[in-house]
Every structure is written in structure tokens, then in C-alpha cells.
**Student:** 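Could you have a look at this structure, given as C-alpha cells, before my questions?
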2 protein chains.
Amino acid sequence: MTNNMMTIGTLAKIADMHVETIRYYQRRGLVAVPAKPYGGIRRYDETALARLHFIRSAQWLGFSLDEISELLELEDGTHCDEARALAEQKLKDVRQKIASLKQMEFTLDNLVKRCRCSEDPQQCPIIHSLHGKLGLPARRVEHGVQEESQ
Amino acid sequence: MTNNMMTIGTLAKIADMHVETIRYYQRRGLVAVPAKPYGGIRRYDETALARLHFIRSAQWLGFSLDEISELLELEDGTHCDEARALAEQKLKDVRQKIASLKQMEFTLDNLVKRCRCSEDPQQCPIIHSLHGKLGLPARRVEHGVQEESQ
DNA sequence: GTTGAGTCTGTAGTCAGGTACGGAAGTAAG
DNA sequence: CTTACTTCCGTACCTGACTACAGACTCAAC
């Protein structure tokens, strides 16, 4: 079944992905489009499957598809230092995220505990707290929002 | 400056948000649209500002705008148990995320360390590992992707 | 030889959380 | 009174990672 020369549908099944996802990766240049025999159907081999595994592993580590493109350019293994730089940056990002999620956890946990103990249903500590500052950081910087505001 | 009866621009400045963002919240029903004096300009007061603070605090705790809508319906403080349920669910989510980020951290940290020590630049352990399984879980479930695959 | 499933191609839609823009009308300063 | 900035309103666009669908074609089974 995992023989070389399978159709995209078989490839998708083995890789546990939708066909459309593979095509999408092809459009983004992450996966090669094999030559099509005249009036026929494209066939995929093990290297295509390996590519999909690579992509999924990297995604699981938090790399975006753009970053995975970069990684794939280093795939021959001769650019170890660049690959390491990418991984280090990602490690930094991951630690950052963990830190802020822990802050959230702490705050939420406090709220829930205080709420559980509150006897006065008229003043819910959760709702109440949301009106305060909660010690939240400067500004959310996500979705590429720039910091400058004229 | 933080007087009542400010324009949307002033409100935006104080809340450190873009005007467009406030309008967007209005379209989503998160922020009230004050009545417009005939042929005039709408004015906002402290309660609008409080609303924006509420939204931002809740966002910081990881609530989506939809969830914030729900929270806002409980704003009178008489639905403490519902608010607590939402907060508890969110706490669970946050802990889940922390757990999987820690997995990522562990894996990335290992990769980076092994890479640092590798003397053979022909075989970068990072690139190499991405071809293996990395012990990644079943399937990414994000963006509302369903688990079923025909 | 027909049926039904799979493939190919291109384009469009989804979700979240905004951001941008165009044109008309109002407003503040000089 | 003019100039320059805001506001208002609607609509369109953005990112990221897909997902869906239409219409033509190909392929394998019966």
C-alpha cells in the first residue's frame, strides 16, 4: 500500500490529510507537483509522503507554513546553523507563550476559587474583576498589529 | 480628558484602540451605539470605556469575542454560576495549551542542544528529526477541523 | 459501454479579529 | 469663510491554514 506511485487520494489517506490540503501545499510550493503523463493522473512516491510528515512534524512544533518553507530549503542538512537559529527562535516563542498562559492560568484559577466561595450571588467576582485591570500587559500584539499609533 | 461625552476618536485614544476596532465591536454588538443627535456626532461616556476595558481584560484571559458576548450578558452579576462555568472551561483550555506547549518546548530544546553538539554539518539533527515522527499526537485539531474523514 | 469514483484545475468561501478606504457630512481653528 | 481634521457608514480587504465546489476528464469495475 505504501508502495511508490500512488494517487493523491491514496497519499492523502496514508498521510491522514485531506486531498485539498495536499493541493494547497502544492500551491504554496511546499510539496512538489509530479509530472503528469499525457492525459493521465499524477503519481506520488515515498518522498512526497516524507514531505508531508516533515510538514506535520514541523507544524506540531509550532512552525508556520512560511517557516516550514524556510526549513525545507535547508533540507539537505548542510545549513545546520540556520536550522538551529530557526529552532532557537521558535523555542523562545514557545517559552514566551507558556509564560503568558501561566499568567492567565493563575488569574483564572484565582477567579474561579473566589467565585466558588462567594456567598453573595449579586456580586460575582469574575464579572467584577473583568472591570478592573487584572494587571494585563501593554497591548495585545497579534495579527501583525503595529505598535505605533499616531 | 476622561470626561463623559467624548467622541469616538477620543474614546479610542484613551482605550488605546483603533477607532475601527471600536466600530467593529459595535457591529458585533459588544459595544452600544449611542443615539446620534440630529445631524451631529455620537458621544461616548465612561460606561463605553468600561466596556472596552472589560473586553480587553477578557481577551487577555483568552476569551474569544463570542465568549465575551456571553460574559457580557451575565454582566449584572446575578449569574455567578454561569460565569464560573465559562471561566472553568477557559481554565481547562489554558492548562491544555500549557501542556502541549511544554511538549514542544521539550522537543525543541532537545533538538537545539543536540544540534549545538553535532560536529557533522552534513547531518543536522533538527532537519533529520523532522523526518521522523517526534511522537506527535493523532491529528491537529484546530480551525474547527473535524476529526471524521470519509 | 456505462456507471461511479477519483483526479485535475481554477476559483471562491470559511473563521477570527480586525484594518483600510471612499465619499459625504459635521466640527474646530484661524 | 476656508481649511483641515473627524465622524459616519458601508463595504472590501487582510492573514493563515485550510475547505468546498463546479465542470471536465480519466480510470477501474462490472
Side-chain angles (χ1 to χ4, degrees), chain A residues 5-44 48 52 55-56 58-70 93 139-150, chain B residues 5-44 48 52 55-56 58-70 93 139-150:
Chain A
M5 298 304 117
M6 45 197 157
T7 67
I8 197 171
T10 311
L11 179 63
K13 207 159 285 177
I14 296 175
D16 190 24
M17 284 182 184
H18 296 295
V19 168
E20 304 299 344
T21 305
I22 297 174
R23 290 205 208 283
Y24 171 68
Y25 290 164
Q26 292 179 327
R27 285 199 297 279
R28 294 202 45 155
L30 292 169
V31 168
V33 183
K36 186 165 83 165
Y38 290 108
I41 274 180
R42 299 182 205 288
R43 301 276 163 174
Y44 298 81
L52 296 177
I55 293 170
R56 195 127 81 194
Q59 266 188 329
W60 179 76
L61 285 178
F63 289 95
S64 71
L65 293 184
D66 275 350
E67 289 165 334
I68 294 172
S69 291
E70 291 184 65
D93 294 353
R139 209 209 226 215
R140 10 189 288 112
V141 181
E142 253 172 67
H143 289 289
V145 176
Q146 240 53 24
E147 201 58 28
E148 77 179 305
S149 76
Q150 74 94 9
Chain B
M5 299 304 117
M6 44 196 157
T7 68
I8 196 171
T10 310
L11 178 63
K13 206 158 287 178
I14 295 175
D16 189 24
M17 284 182 185
H18 295 295
V19 169
E20 304 298 344
T21 304
I22 296 173
R23 287 203 210 286
Y24 172 66
Y25 290 163
Q26 291 180 328
R27 285 199 297 278
R28 294 201 46 153
L30 292 169
V31 168
V33 182
K36 186 165 85 166
Y38 292 106
I41 272 179
R42 298 183 206 286
R43 300 277 164 173
Y44 298 81
L52 295 177
I55 293 170
R56 202 141 61 206
Q59 266 189 327
W60 180 76
L61 285 178
F63 289 95
S64 70
L65 293 184
D66 275 351
E67 289 165 333
I68 294 171
S69 291
E70 291 184 64
D93 294 354
R139 209 207 227 217
R140 9 189 290 112
V141 181
E142 251 171 71
H143 289 288
V145 176
Q146 241 53 23
E147 202 57 28
E148 77 179 304
S149 77
Q150 81 87 19

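Note that the structure is predicted; figures quoted are calculated from it, not measured.
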**Student:** Just how far is it from atom CD of A:Gln59 to atom CG of A:Leu52, taken to the nearest 0.5 Å?
**Tutor:**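 These two atoms lie 10.5 Å from each other.
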**Student:** Counting side-chain heavy atoms from CB outward, which of C:dG18, D:dC9, D:dT7 is closest to B:Gln59?
**Tutor:**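 Given the options C:dG18, D:dC9, D:dT7, the side chain of B:Gln59 is closest to C:dG18.
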**Student:** Testing the basics here: between A:Asp16 and A:Arg56, what is the closest heavy-atom pair and its distance to 0.1 Å?
**Tutor:**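 Shortest heavy-atom separation between A:Asp16 and A:Arg56 comes out as O-NH1, 3.3 Å.
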**Student:** Quick one: A:Met5 CE to C:dG6 P, roughly how many Å, whole number?
**Tutor:**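 Answer to the nearest Å: 21 Å.
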**Student:** Could you check how far CD1 of A:Ile55 sits from C1' of D:dC18, rounded to whole Å?
**Tutor:**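 Computing the A:Ile55:CD1 to D:dC18:C1' distance gives 13 Å.
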**Student:** Strictly below 4.0 Å: does B:Lys36 bring a side-chain N or O up to OP1 or OP2 of D:dT7?
**Tutor:**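 No.
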**Student:** Rounding to a whole Å, what distance do you find between A:Tyr38:OH and C:dC8:P?
**Tutor:**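 These atoms are roughly 16 Å apart.
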**Student:** In this structure, how many angstroms lie between the C1' atom of D:dC9 and the CD atom of B:Gln26, rounded?
**Tutor:**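 Result: 11 Å.
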**Student:** Looking at B:Ala32 and B:Gln26, what are the two nearest heavy atoms and their distance?
**Tutor:**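 That would be O-NE2, 3.5 Å.
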**Student:** In Å, rounded to the nearest 0.5 Å, how long is the span from OG1 of B:Thr7 to CZ of B:Arg42?
**Tutor:**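 Nearest 0.5 Å value for the OG1-CZ distance: 13.0 Å.
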**Student:** Between B:Phe63 and B:Gly40, which is nearer to the 5' end of DNA chain C once each is assigned its nearest nucleotide?
**Tutor:**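 Nearest nucleotide further toward 5': that of B:Phe63.
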**Student:** Less than 4.0 angstrom between a side-chain N/O of B:Thr7 and OP1 or OP2 of D:dT6, yes or no?
**Tutor:**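 Checking B:Thr7 against D:dT6: no side-chain N or O falls below 4.0 Å of OP1 or OP2.
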**Student:** To the nearest angstrom, how far is A:Asp66 atom CG from D:dG16 atom P?
**Tutor:**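 Answer to the nearest Å: 6 Å.
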**Student:** Which nucleotide in the set D:dC18, D:dT7, C:dG17 lies at the smallest distance from any side-chain heavy atom of B:Ile8?
**Tutor:**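 In terms of side-chain proximity for B:Ile8, the closest of D:dC18, D:dT7, C:dG17 is D:dT7.
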**Student:** If we ignore hydrogens and angles and just use 3.5 Å, is the side chain of B:Arg27 paired with the main-chain N or O of B:Ile22 as donor and acceptor?
**Tutor:**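 Judged by distance alone, no pair lies under 3.5 Å.
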**Student:** What is the separation between atom NZ on B:Lys13 and atom C1' on D:dT7, rounded to the nearest whole Å?
**Tutor:**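 Going from NZ in B:Lys13 over to C1' in D:dT7 covers 13 Å.
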**Student:** Round to a whole Å and report the spacing from CZ of B:Arg27 to P of C:dT19.
**Tutor:**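 Those two atoms, CZ and P, are 11 Å apart.
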**Student:** Find the distance B:Leu11:CG to D:dC8:P and express it as a whole number of Å.
**Tutor:**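 Going from CG in B:Leu11 over to P in D:dC8 covers 11 Å.
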**Student:** Taking only N and O in the side chain of B:Thr21, is any of them less than 4.0 Å away from OP1 or OP2 of C:dG17?
**Tutor:**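 B:Thr21 to C:dG17 OP1/OP2: no side-chain N or O under 4.0 Å.
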**Student:** Less than 4.0 angstrom between a side-chain N/O of A:Tyr25 and OP1 or OP2 of D:dC18, yes or no?
**Tutor:**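 Indeed, a polar side-chain atom of A:Tyr25 lies that close.
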**Student:** B:Ile41 has a side chain; which of C:dT27, C:dT19, D:dA17 sits nearest to it?
**Tutor:**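 Among the listed nucleotides, the one closest to the side chain of B:Ile41 is C:dT27.
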**Student:** Which nucleotide sits closest to the side chain of A:Arg23: D:dC8, C:dT7, D:dC18?
**Tutor:**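 When the side chain of A:Arg23 is considered, C:dT7 is the closest of D:dC8, C:dT7, D:dC18.
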